[in-house]
Amino acid sequence: MSEYQRIIGEELIIEHFTRAVTHNKISHSYILNGESGMGKKTLARYFSMAIQCEKQDGIPCLECTSCKQALSGNHPDIVWVTHEKETVIAVDEIREQLVSDILIKPYKSKHKIYIVDEAQKMNVATQNAVLKTIEEPPEYGVIIFLTTNADMFLQTILSRCIRLNLKPLNKQVIKEHLMRECGVPDYKAEVMASFSGGNMGKAIRLASSENFNEMKDEIVHLLKYIDTMEVYEMVLASKAATAYKMNIDDYIDMFTLWFRDVLLYKASMDVDELLFKDEVSIIKDQASKASYQGIEKILGALDKVKVRLKANVNFELTMELLFMTIKDNLK
């Protein structure tokens with residue numbers, strides 16, 4: 001099986017790349033747009049390999065000298081643009097590694113390929129520095145921008161690139177992959193697949209993360225007893241939540257999935273559709289106590305917490321107020 005066939009759920013993009021190579025219709029500039037973990041680097045790597053592959057049948061053969069050099073990261077005509085700063089790709093870096101370097105003809109291939117990862121970190125000055133190259137590229141030049149937010153690009157760049165958006169995968173596809181390839185049990189695979197938001201990379205990361213399982217267990221324990229907790233217990237719980245401050249979106253999303261189950265059971269009484277199936281007695285109890293309006297208030301509060309925390313409000317106080325809102329609406 002080729003590496004292209006192992007890329008799950010991006011058949012249209014793969015087909016586009018294959019046709020481009022086999023029909024000699026390779027563009028000078030591409031944008032691969034999608035969340036981190038969705039496979040942009042893998043797609044760029046193997047598109048580059050397909051372009052340079054000696055067999056030229058649209059799919060990297062993995063056996064020729066060119067493919068082997070690319071696999072080892074030593075292909076002289078596939079350049080990965082790097083940057084030192086975490087938040088920005090500097091003008092000097094793009095000029096040195098791309099704008100100036102692309103003027104040098106390929107060492108051994110028909111094409112010379114530049115892959116710019118985290119391209120959303122190019123500020124306006126950096127984008128302007130690369131714009132002339134995109135407008136008047138050498139015949140052999142191919143530039144592939146990988147980004148989590150293509151809308152950050154100047155319109156002049158967007159209009160000159162072929163934009164390919166990676167799509168979220170079906171939850172069932174992710175669940176089956178986690179069970180088959182990662183050995184994740186059915187129940188856990190269901191939660192992780194829902195939690196991933198269609199992002200296979202995120203799902204695989206969660207499958208190997210002890211921290212994720214620990215976080216889930218702590219949240220479930222908290223939610224089991226939150227309707228009877230005293231104020232001092234909520235203060236302690238908000239302090240404990242600081243352990244997940246760096247992954248607060250994941251932390252809040254877990255609460256959202258739980259109350260999605262509570263709402264679903266209240267509306268349908270269908271246990272089969274629940275994510276937290278092994279906690280069904282608690283979910284049934286909360287669904288019977290809470291009103292539809294109360295559950296909606298909890299879900300709304302969870303959304304607001306994300307916004308507030310990004311505004312750098314007091315973390316512990318915000319979490320304490322959230323827990324009180326949950327308790328007040330589980331009556």
Side-chain angles (χ1 to χ4, degrees), residues 168 171 175 186-199 202 206 211-331:
K171 184 179 78 171
K175 177 184 175 182
D186 180 276
Y187 159 70
K188 287 188 176 181
E190 179 85 13
V191 174
M192 290 172 181
S194 295
F195 198 78
S196 70
N199 186 324
K202 181 177 181 180
L206 295 175
N211 187 58
F212 175 79
N213 290 321
E214 177 186 298
M215 180 182 73
K216 180 181 74 67
D217 291 344
E218 286 196 18
I219 290 173
V220 169
H221 179 79
L222 172 66
L223 288 170
K224 282 182 179 180
Y225 304 105
I226 196 166
D227 57 338
T228 59
M229 288 173 66
E230 301 292 339
V231 172
Y232 80 90
E233 292 175 300
M234 292 189 183
V235 172
L236 292 175
S238 66
K239 290 182 183 296
T242 58
Y244 306 105
K245 195 172 182 179
M246 297 303 294
N247 299 301
I248 192 59
D249 281 355
D250 288 351
Y251 186 81
I252 298 300
D253 285 346
M254 185 66 73
F255 280 85
T256 301
L257 287 178
W258 175 275
F259 285 105
R260 168 259 187 203
D261 269 9
V262 174
L263 181 60
L264 182 64
Y265 184 80
K266 187 173 185 67
S268 68
M269 301 186 73
D270 187 353
V271 175
D272 292 336
E273 292 298 315
L274 300 181
L275 293 177
F276 296 91
K277 290 184 174 67
D278 58 346
E279 305 296 343
V280 66
S281 61
I282 304 297
I283 288 170
K284 284 182 177 180
D285 182 60
Q286 292 185 354
S288 67
K289 290 179 179 177
S291 64
Y292 283 109
Q293 185 180 21
I295 299 171
E296 288 175 4
K297 283 183 179 178
I298 292 171
L299 291 171
L302 290 165
D303 287 338
K304 289 176 183 177
V305 163
K306 279 188 177 182
V307 175
R308 288 172 182 161
L309 290 177
K310 286 176 182 176
N312 293 319
V313 297
N314 183 284
F315 181 87
E316 290 183 21
L317 180 58
T318 300
M319 297 308 298
E320 186 180 333
L321 290 172
L322 171 65
F323 297 154
M324 288 182 177
T325 299
I326 292 173
K327 177 182 178 178
D328 290 343
N329 286 283
L330 286 178
K331 296 177 180 179

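- For the pair Lys327 (side chain) and Met229 (backbone), a donor-acceptor distance under 3.5 Å is present.
- The existence of a salt bridge linking Asp261 and Lys277 is excluded, since no basic side-chain nitrogen approaches an acidic carboxylate oxygen closer than 4.0 Å.
- Here CG of Asp303 is found 10.0 Å from CD1 of Ile252. Values are rounded to the nearest 0.5 Å.
- Proximity of Met192 to Lys202: side-chain heavy atoms (C-beta onward) are nowhere separated by under 4.5 Å.
- With 3.5 Å as the limit, one finds no donor-acceptor pair spanning the side chains of Glu279 and Trp258.
- Each salt bridge (Lys or Arg N to Asp or Glu O under 4.0 Å) pair with one or both residues in residues 238-249, not counting sequence neighbours, appears once here: Lys239-Glu316.
- In this structure, Lys284 and Leu274 have side chains that are not in contact, with every pair of non-hydrogen atoms separated by 4.5 Å or more.
- Remark: Leu264 CG to Phe259 CZ distance equals 14.5 Å, nearest 0.5 Å.
- Leu299 places a side-chain heavy atom less than 4.5 Å from the side chain of Leu263.
- One distance of note links CD of Glu320 with OG1 of Thr325; it measures 10.5 Å at 0.5 Å rounding.
- Ser238 and Met319 get closest at one heavy-atom pair: CB-CB, 3.9 Å.
- Between Ala237 and Leu222, the shortest heavy-atom distance links the atoms CB-CD1, 4.0 Å.
- Scanning for ring pair (Phe, Tyr, Trp, His ring centres under 6.0 Å) contacts around Tyr225 gives His221, with sequence neighbours left out.
- Counting heavy atoms from C-beta on, the side chains of Leu223 and Ile282 never come closer than 4.5 Å.
- The distance from the NZ atom of Lys175 to the OG atom of Ser196 is 12.5 Å, given to the nearest 0.5 Å.
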Checklist line | Steps toward side-chain contact (heavy atoms from CB on, under 4.5 Å) verdict (Phe195, Lys216) | finding: CA-CA 11 Å; Phe195 198 78; Lys216 180 181 74 67; over 6 Å; no

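- Within the 3.5 Å criterion, the main-chain N or O of Asp250 finds no donor-acceptor partner in the side chain of Asn247.
- In this structure, Ile226 and Met234 approach most closely via the heavy-atom pair O-CE, 4.0 Å.
- Here the closest non-hydrogen pair linking Leu275 and Ser194 is CD2-OG, 3.1 Å.
- Nearest heavy atom pair, residue Thr228 against residue Glu233, reads O-OE1, 4.2 Å.
- Under the salt bridge (charged side-chain N to carboxylate O under 4.0 Å, His left out) criterion, Glu214 pairs with no residue at all, not counting sequence neighbours.
- Within the 4.5 Å cutoff, side-chain heavy atoms of Gln286 are placed close to those of Leu330.
- Rounded to the nearest 0.5 angstrom, Gln293 CD and Asn329 CG are separated by 8.0 Å.
- Summarising the geometry of Asp272 relative to Asp270, their closest heavy-atom pair is N-OD1, 3.0 Å, with the distance given to 0.1 Å.
- A heavy-atom distance below 4.5 Å is not found between the side chains of Phe255 and Val305.
- A donor-acceptor pair is defined here as one N or O able to donate and one able to accept, closer than 3.5 Å; such a pair exists between the side chain of Lys266 and the backbone of Ala287.
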Note to self: Before you tell me yes or no, could you show the steps for Phe276 and Arg260 under side-chain contact (heavy atoms from CB on, under 4.5 Å), namely the whole-Å CA-CA distance, both residues' side-chain angles and the distance that decides it to 0.1 Å?
What the structure shows: CA-CA 10 Å; Phe276 296 91; Arg260 168 259 187 203; over 6 Å; no

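- Annotation: the span from Leu206 atom CG to Asn211 atom CG amounts to 10.0 Å, rounded to 0.5 Å.
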